[in-house]
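One-based numbering, in listed order, for ligands and for the atoms of each.
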Amino acid sequence: MPIKVLDDRTVARIAAGEVIERPASVVKELVENALDAGSSQITVETRGGGVAFIRVIDDGAGIPSGEVELAFGRHATSKLAQIDDLESLDTLGFRGEALPSIAAVAEVEMVTSVANATGGDFVQLQNETVTSHTSQARPRGTTVTVKNLFRNVPARLKFLKSTATENSHIAQVVSQYALAFPEVRFTLLTDGRSSLQSPGTGKLLDSVIAIYGVETAQKMVPISTDEAAWQSDKRPDIKVAGMVSSPVVSRAGRDALSFFVNRRLISSRLLTFALEEAYQGLLMQGRHPIAVINITLPPVLVDVNVHPTKSEVKFQDERAVFSAVQRAVRGTLVNLAPIPKIEEVGHSYQGTRPIPTHPTRLWTLPTQEIGTMTTPPGVQSTPPLLPSVLPALRVVGQVGTNYIITEGPDGIYIIDQHAAHERILYEKLKGQQAGRNIELQGLLEPATLEVTPRQDAVLKECYLELREYGFTIEPFGERSYLVRTVPGVLSRGDWLTAVREFLDDPTGRDKERSEAIIKTLACHGAVRAGQTLTDEEIRSLIRQLEQTENPYNCPHGRPTLIHLSIRQLEREFGRG
Ligand code: ADP
Ligand code: MG
């Protein structure tokens, strides 16, 4: 093909792709504009995952009549006049790209009015061209409506995820800004239902309550800015404020980590690392804190112009920011006395009433489970291949409250009790699922489950699906649900963590998702490392492991046992 210059429309769509990746990007840009306009109330309404409809209503400054069409021009901005202005930037926007980019990939309407204006403007754009511009009365502020996103970019449309996933990204964006701007009242309506409402009191705690719920908020502490934490700080121009979770609560993912630099939402692996390092030794492996970290520093010390979506920044002195965050968080955590032990963290039930458990122990291995791995009707059970059969093992004892030592026909078998039980439960669940009869267990008293807006979006879509796995979950007011039954394998385990883990990471569909759910159930239903087992329980565990189809690996692929053959022992002892 000969070289030629692309036409304007193609250039615009390519450029728009960098700024507008998915519906949540539209929400982000429009909310940023509303914030830059000094709004005190921002309402976001979406339909169909934001693809069909997004509307953002604000009560900010509005756009003067003569500039309304210009606002949609490429690189048209009221926030920056020359490059040096970037060094004193106090707005979220500055590139003048959002409105034209949105207009390149969707139909847009705007109604806007400045203070005391007698009227207001209505403007409509299709394919980046103004199709209507009339006057329309409106109180001070701006309403932008975006319809049929990516209709003209089918390739992009194809890459969007399910409505629930797109809704959860949108909820995440609005939640983050509600945390960054506690003085602004945010409302998010998803398909007509209220999914988030922040009170706009100006207090961070109130925003945290709105996003994470009262019970989690009670376990959050403000970052202490007291002198002790700052004594060794050589950089008083870098300030760190916000709230972090005490180690009694944690998350399976990093969704609840929010970093703002001069109130701009950023993602930074460096700062995530700084934060998590401050929690070192306080959280179990694989668990993450909840945090809102506000970093304030002179604008000249940070370059915000490194990424089209402005989500990454470059610090002039990375080390200084890193250590400021780490020291502030660590200082806050050590002030918390007493620091809970990791064991306690493992069993904390976040955000719900305690569920009825056996008073003395959280977990017991029911001995009657021996041999009850029934073959569901209609499903052919493949006889285990000979070499994969575990030989009969004689239990010698438990070591390090996790390893079971057994003797077999050819030496010693050391079994990881958690991995082994995971394998047993996994196969049991797979069998039950194939027969569509996953065992469930009623809770003596229904438990309430409070979820974040993001988790809410996922749960709304799939709470019925979760029934297949034994969870009877019903909507119960705003962002709260009633849990009546849980999968039988979890009745004594940590079903709540299992639910949250799934809600935080709902990726995959159908088979893949089902596999992920079953693995999560098996993992949380299984006996933990560190639990002392009675001889009877150990024997039961071994008998059940012997009956599995693949006794050698847990569902994640890790070994369940290590075999030390007689020959190996002889070699080690210099006999062979
Ligand atoms: P940027 O935010 O980078 O300046 P945008 O394309 O997002 O670029 O917006 C272009 C201009 O339109 C802004 O600079 C601002 O003057 C005006 N504008 C956009 N949205 C709003 C709003 N909600 N309220 C007031 N002015 C707005
Ligand atoms: Mg903007």
Side-chain angles (χ1 to χ4, degrees), residues 11-13 15-21 24-45 54-83 85-86 88-106 108-117 119-125 128 130 133 136 138-146 149 173-174 176-177 180-181 184-187 262-266 299 303-311 313:
V11 171
R13 277 188 206 164
E18 290 199 337
V19 184
I20 307 301
E21 210 181 321
S25 333
V26 174
V27 172
K28 172 181 184 286
E29 294 296 336
L30 296 180
V31 165
E32 288 188 354
N33 281 347
L35 289 166
D36 283 345
S39 307
S40 57
Q41 282 200 38
I42 299 176
T43 301
V44 179
E45 269 178 70
I54 295 172
R55 172 171 285 163
V56 176
I57 309 166
D58 71 48
D59 61 353
I63 305 177
S65 199
E67 295 177 10
V68 177
E69 288 187 29
L70 187 58
F72 287 91
R74 203 149 283 280
H75 311 301
T77 179
S78 59
K79 301 167 193 176
L80 196 74
Q82 56 201 43
I83 189 70
D85 293 350
L86 267 180
S88 54
L89 193 72
D90 63 354
T91 53
L92 298 167
F94 57 87
R95 296 167 67 107
E97 284 181 335
L99 292 183
S101 296
I102 296 169
V105 293
V108 185
E109 287 171 15
M110 178 190 270
V111 185
T112 186
S113 171
V114 296
N116 304 322
D121 283 67
F122 167 86
V123 58
Q124 184 187 52
L125 288 94
E128 288 172 87
V130 176
H133 186 171
Q136 184 175 321
R138 191 205 185 285
R140 189 185 106 129
T142 304
T143 301
V144 181
T145 308
V146 176
L149 183 64
V173 166
V174 181
Q176 299 284 13
Y177 279 106
F181 291 80
V184 177
R185 218 178 123 83
F186 281 91
T187 305
N262 294 342
R263 305 191 102 191
R264 179 186 302 282
L265 173 66
I266 60 147
D303 184 357
V304 293
N305 191 24
V306 290
H307 198 264
T309 64
K310 300 163 285 176
S311 62
V313 297

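In this structure, atom 2 (O) of ligand 1 lies nearest to the protein heavy atom K79 NZ, 2.7 Å. In terms of protein heavy atoms, atom 22 (C) of ligand 1 is closest to T142 OG1, 3.7 Å. The closest protein non-hydrogen atom to atom 23 (N) of ligand 1 is D58 OD2, 2.9 Å. Nearest protein heavy-atom neighbour of atom 10 (C) of ligand 1: A76 O, 3.4 Å.
Closest heavy-atom contact between V108 and A103: CG2-CA, 3.7 Å. Contact record, G120 with S113: CA-CB, 4.0 Å, taken as the closest heavy-atom pair. Shortest non-hydrogen contact noted between P100 and A71 is CD-O, 4.1 Å.
For the ligand labelled ligand 1, residue E29 lies outside the 4.0 Å heavy-atom shell.
Of the possible donor and acceptor atoms, none in the side chain of T91 sits under 3.5 Å from a partner among the backbone N and O of D36. A distance-only check finds no donor-acceptor pair linking the side chain of S101 to the backbone of I20 [under 3.5 Å]. Between the side chain of R140 and the backbone N or O of G60, at least one donor-acceptor pair lies under 3.5 Å. Checked by atom type and distance alone, the side chain of T112 never pairs as donor or acceptor with a backbone atom of G62 at under 3.5 Å.
Here T77 fails the criterion, with no N, O or S atom under 2.8 Å of the Mg ion (ligand 2).
Polar contact check, S78 against ligand 1: a nitrogen or oxygen pair lies under 3.5 Å apart. At least one N or O atom of G96 sits closer than 3.5 Å to an N or O atom of ligand 1. When only interatomic distances are considered, the shortest N/O to N/O separation between I63 and ligand 1 does not fall below 3.5 Å.
Interface of P100 with ligand 1, defined as ligand atoms under 4.0 Å from a residue heavy atom, comprises 6 (O). The atoms of ligand 1 that sit less than 4.0 Å from any heavy atom of A37 are 24 (N), 25 (C). Taking a cut-off of under 4.0 Å to the non-hydrogen atoms of G93, the atoms of ligand 1 that pass are 2 (O), 3 (O). Numbered from 1 in the order shown, with element, the atoms of ligand 1 that lie under 4.0 Å from a heavy atom of A71 read 10 (C), 12 (O). Within ligand 1, the atoms closer than 4.0 Å to a non-hydrogen atom of G62 are 25 (C), numbered from 1 in the order shown.
In this structure, of N33, L35, L99, V19, the residue bringing a heavy atom nearest to atom 6 (O) of ligand 1 is L99.
With values rounded to the nearest 0.5 angstrom, F181 atom CZ is found 5.0 Å from L92 atom CG.
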